[in-house]
Amino acid sequence: MSELLLLVESKEGLLDKTTLELIRGGSELAKDLGIDAAAVVVGNETSPLAESVASYGLKKIYKLEHPLLKGFQPEAWAGALEWLARQITPRIFLISHSFVGKEVAPRLAYRLDTELTTDCLNLRIDPQDGLLIRTKPIYGGNAIAALKCAGLPQMVTVRKNAFEPMEKVTTKSDLVDMVPALDESIIKVKSLKTVKEDVVELDKANMVIAGGRGIVAKEDFEMLAALAQAMSKSQGKVMIGCSRPVVDKSWMSSDRQIGLTGSIIAPDTYIAIGISGAIQHLVGMIRSKKIIAINTDPGCNMFKVADVGVVEDYKALIPALVKKLEESA
Amino acid sequence: MKGINIIVCAKQIPDPEVPFSNVSVDVEKKEVIVDAPNVISPYDENALEAAIRIKEEMGGKITVLSLGRKVSDTVLRKTIAAGADALILIEDPAFERLDSNSVAYVLSRAIRKIGAYDLILTGRQAGDWDSGQVGLLLAELLGIPSISLARSIKIKEDRVLVEKTVPVGYEVVEAGLPALVTVSNEVGELRYVSRSKMMGLLKRPTPIPKWGAKDLVDDLERLKKIQLVELSPPPDMRRACLFIEGSTPQEKADKLASFFKELG
Amino acid sequence: MADKVYDAVIIGGGHHGTIIAPYLAKAGLKVGVFERLDHLGGGAVTEDLPSPGFRGNFCAHFTRFYGHPAYKEFNLREEGLEYTFPDTNEAIIFDDESSYIAYAAFTVVDPKTGETRFNEANVKKTYDQIARFSKTDADTYLDLTEKYKDKWRAAFHKHRYSAPTPWGVPDALEELFSDPKSGLDLPMQFMTCKQIARYFFESDELRILTLRGFLTSWGCFPDDVPGIAITIATIHLTLGWEPAAIAKGGTQAITDALVSVGKKQGVEYFLNSEVQKVLIENGRATGIKLMDGTEVAARQLVVSDNASPQLFLRLIGEDRITDDMKRKARIYQFDRGELFWGTVGVHELPQYKAAKSNPDVNAAPRTYFAPKDLGFMEDKYMHEIFLFGLPSKMFILTAPDSIWDRSRVPEGKHSLHVEEFTCPARLFSRKEWKQMTQEFVDVLFERWAEYAPNMTKDNLITHRITNPVDIQDTHLDMREGGWCEGNCSGVQNGRFRGMPGGYRTFIKNLYMCSSGVYGGPGIGRGSSYNCYRAIAEDLRLPPPK
């Protein structure tokens, strides 16, 4: 029971930046405890990813390989990681608060009879008992809680950007092959197909124009689209986003949702139209460089975090703004 | 399959849409004080909507199971008004501030007490602690398959067919019943119940059983409270907002346009 | 070192801030007003409501500012504040197509000063209206009209523009109790609205209007104890003694006129300038600090147009106030006066079925339509509202102002203000309030069409209805979203309103002029005027006219 273990994730076959962040955070914790930091790569063919993660100063990389681990099937991954954890009994287990992490971590925590804290912003060791102090935002970010849990491994999922990504080092990690005992019977949820959709990546936009519950009709998003069109002449890449209620109404797909359970973005300019600014939404856009709020309610949260505010009905303002932008273009 | 037995787990939380000036942190007592009415956690409302749609299609029964402190009757009755058939409250001081494992354990005890079920629906995460664990833990405890982040749920014979949101789009998965599905907001907003319907309902009140620790848990020491080391207010997000004024929308729009001109 | 220095610093440029500023400046003080929002006037504002092309009052709508002493003192008519006075006054239409119109017993003879004269002809018309359903109530009307003319009217005016008297010293209205000819009975101070309605009137028609009138006047529900001031205000509403008045261009005209006077007197107004705290040294207010860190020194005084929650708990701070004050602040009640309120823009005005037998109901400045169900109003209305937010039977108030003020609507169109009561904001979630507001609009038009068949949704061009959450968010002292800065039934009215000390707070040189002190809510009430009188007394400034 001496290692800190972290789960390696990939994006389009390459090492995901969040893994490098975990390595940074994990290495520091391991150093504080005087233990080794290791990582696990899961899949049916782990070598390329294991190689690429081997140059970030970790002691060991476990290559957890099995034909059932092809792609991502939560039960198989949880089963394999459970097997590994029983072999090597890590002291701390870090996982990104990513799609994979959210699926695997709770199941794994249950099976290892430990307690998980999700979506942590910061981690430190309590010098008294060596337990992990887990800092996470609660009530959507209205309060920051620091908590401790019993149980081993000490297990958490970590929010994107919580740590700076690790840089490469000259030494190489040891690669350790592990073949978990898995059989098909553990898979109870069968994947029938995966349908790719045009997914909007809002984090690539220079300007995001977002609508919220204040937008009264689905067609009104055409006004926002017209504004985006007019803005794109001077403001770079402009995309349309929204707050949660818009997705709830099925007016927009969830890839356009900004906030705690949607995208967390930091564009140059963010225009919030008819968004009152529930904290869960603010978490997703508060790091925008300039925030412009358009709302009929001068008391709403969005004006409190905005750089520029216009108290006006969007139905009157947006067409007027589009007209002006086009005239002066 | 004819008629399906669905259990929806619905947590009550303070209205997450209140302005942040209504939320304060008592650092000494380590408590978040929210000056707002309690509501059903939004994703749990989505779960209830999903359940109602399944019931509308194939008939059956929906039981709403609610665990929480300061449970408000009126708020929960809304679930009945929207289409649930039964409502059970799980309320006990011993259940306050429990960690996710313990919450899942209490829910699993309540579900065993209910007995028969085909499908359990929960929100993808609660709007207060946003842990996103209880659903999956509950499935593990009950030993049933679980699927998370559903955006659409269909029942086909004795199987549940789910479209779940994945990073590249969506994945269609299926599992045998009974199963647990956590629901995301793409499913759709819980239908609004008109006041006249609510009033009609009050004339035929549904009994709401209340289960406490003695009804559900023999081994209270199994329940663990969240161990808070400290609680602090968030960093200040406020900026000084420059309000653009004008007597007409066009005047405001013109000023705003020149602001963007300077930006671009 | 302070960034700015004034003789008098006013926290908040709401309605009372804009009234007291010119008084102080006229007395020779250098005055600075610091407002959190991007506009002045508080409840007296008119905006592009419900949508551009229309003008509507976001908050207060029914005003008689021509009766406020400042109207004459500052020649506000010269500043553009003009009223028009329709002949009709209150009207109510019932679901059996019966109706009642009150014609003003006093009509304005000089719109410049608002001077009125007793109008026998109108009294006769009102008498005839009531006699159609109750001879007894019609006679009561004549009797009370005499009492109003001879006793109540002057006392009421004096009461409104005087500071409350200490306990044990009768105020202008309380003096009426010792006058056997006043028709007022001591227990009336402690009667409920329901009792008052039953005491004065025997017909369901006038009882219903009185109960709805208690809500219109001050937000009191039938089982509330209104106290004598609200009782007189409401009977006055039911019987329509003083003329309805419509500010040309909306209530914004009041603010514009007052600010224009203020600017001429040298008052400086600062917008988007939220105050963070009152600076206090050795028990004296020395200035204010703004949210952006700016410090403003007050050479002589600080006046707060905020009410107790903001002023005492936030700007002064809980650490400076006594446990007793904290307790009082904690139990201060805000649970009244919550509304669905707003403007609807329509193609044509409502054509009421009731107009067949009573043509003027189509053009009364305050028109109610309501079921003739007194039992419901008395016993169930409020309970349904508190349970569900919307009652199953609605008692709607409408105001077709565009008949008299065409500046508020596009050519050929009309707008009406609408109002129904609802419950405190805390009882429902924000999402539910939005949903309920939508339902309110749907039900409003369903009901309206029952009384006036042309009032279907096809006639609707645009609407903007606010709910208590909207009010609570924009007006920080209007907790729970009522239009009062705290319930103003008996226990929180008169000398009991606000914190002990009233206009003079426990901090030296710190005064309070908002509707959170006596004078109470509503445009043109006396709190700021009375506050100025207190200041003038303390600082030996000239008294107001």
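Chain identifiers are assigned alphabetically (A, B, ...) following the order of the sequence lines, protein sequences preceding nucleic acid strands; residue numbering begins at 1 within each chain. All heavy atoms count here, side chains included; hydrogens, waters and symmetry mates do not.
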Which atoms of [X] are under 4.5 Å from chain A, going by heavy atoms: the side chain, the backbone, both sets, or neither?
| X | result |
| --- | --- |
| B:P14 | side chain |
| B:K224 | side chain |
| B:V23 | side chain |
| B:L256 | both |
| B:I147 | both |
| B:N101 | side chain |
| B:L190 | neither |
| B:V34 | side chain |
| B:L161 | side chain |
| B:S146 | both |

[atom1]/[X] to [atom2]/[Y] distance, rounded to the nearest 0.5 angstrom?
| X | Y | atom1 | atom2 | value |
| --- | --- | --- | --- | --- |
| A:I286 | B:M237 | CD1 | CE | 5.0 Å |
| A:Q280 | B:D130 | CD | CG | 6.5 Å |
| B:F260 | A:T269 | CZ | OG1 | 7.0 Å |
| A:F303 | B:L242 | CZ | CG | 11.5 Å |
| A:K136 | B:W129 | NZ | CH2 | 7.0 Å |
| A:S254 | B:R151 | OG | CZ | 7.0 Å |

Chain A: which of [options] shares the most heavy-atom pairs with it under 4.5 Å?
| options | result |
| --- | --- |
| B:K30, B:E49, B:Q250, B:E174 | B:E174 |
| B:G188, B:G135, B:S131, B:A104 | B:S131 |
| B:R238, B:E245, B:E230, B:E17 | B:E230 |
| B:L141, B:L149, B:T165, B:V187 | B:L141 |
| B:A257, B:S232, B:A175 | B:S232 |
| B:A240, B:P233, B:G132 | B:A240 |

For [X], does the [atom1] atom have more than 12 heavy-atom neighbours from other residues, nucleotides or ligands under 6.0 Å away?
| X | atom1 | value |
| --- | --- | --- |
| A:E197 | CD | yes |
| B:E56 | CD | yes |
| A:D129 | CG | yes |

Check each atom of [X] against the heavy atoms of chain B and say whether the ones under 4.5 Å are side chain, backbone, both or neither.
| X | answer |
| --- | --- |
| A:I291 | both |
| A:M231 | side chain |
| A:I294 | side chain |
| A:S250 | side chain |

Check this for me: does any side-chain nitrogen of one of [X] and [Y] sit under 4.0 Å from a carboxylate oxygen of the other?
| X | Y | answer |
| --- | --- | --- |
| B:K261 | A:E327 | no |
| A:K193 | B:E171 | no |
| B:E251 | A:K324 | no |

Heavy-atom check, side chain of A:T194 versus side chain of B:V168, under 4.5 Å = yes
query = Can you tell which of B:V32, B:I226, B:D128 makes a side chain to side chain contact (heavy atoms under 4.5 Å, CB included) with A:I138?
reply = B:V32
query = Does the salt bridge (charged side-chain N to carboxylate O under 4.0 Å, His left out) test come out yes or no for B:E189 and A:R213, once each step is laid out?
reply = CA-CA 12 Å; B:E189 201 166 35; A:R213 202 200 289 284; 3.4 Å; yes
message = Would B:F243 and A:V308 count as a side-chain contact (heavy atoms from CB on, under 4.5 Å) here? Give the steps.
response = CA-CA 6 Å; B:F243 282 96; A:V308 175; over 6 Å; no
request  = Could you give me the CA-CA distance, side-chain angles and deciding distance for B:R124 and A:T261, then say whether side-chain contact (heavy atoms from CB on, under 4.5 Å) is met?
outcome  = CA-CA 10 Å; B:R124 57 179 283 184; A:T261 52; 3.8 Å; yes
ask   = After noting the C-alpha distance and the side-chain angles of A:Q257 and B:N185, does the key distance pass the side chain to side chain donor-acceptor pair (under 3.5 Å) rule?
value = CA-CA 10 Å; A:Q257 184 179 324; B:N185 55 312; 2.9 Å; yes
task = Go through the steps for B:K164 and A:E103 under the test side-chain contact (heavy atoms from CB on, under 4.5 Å), then give the verdict.
result = CA-CA 12 Å; B:K164 62 179 284 181; A:E103 290 271 7; 2.3 Å; yes
query = When you look at B:V166 and A:F72, which way does the side-chain contact (heavy atoms from CB on, under 4.5 Å) test go after all the steps?
reply = CA-CA 11 Å; B:V166 297; A:F72 171 67; over 6 Å; no
query = Quick one: is the NZ or CZ of A:R244 closer than 6.0 Å to the six-membered ring centre of B:Y43, and within 45° of its axis?
reply = yes
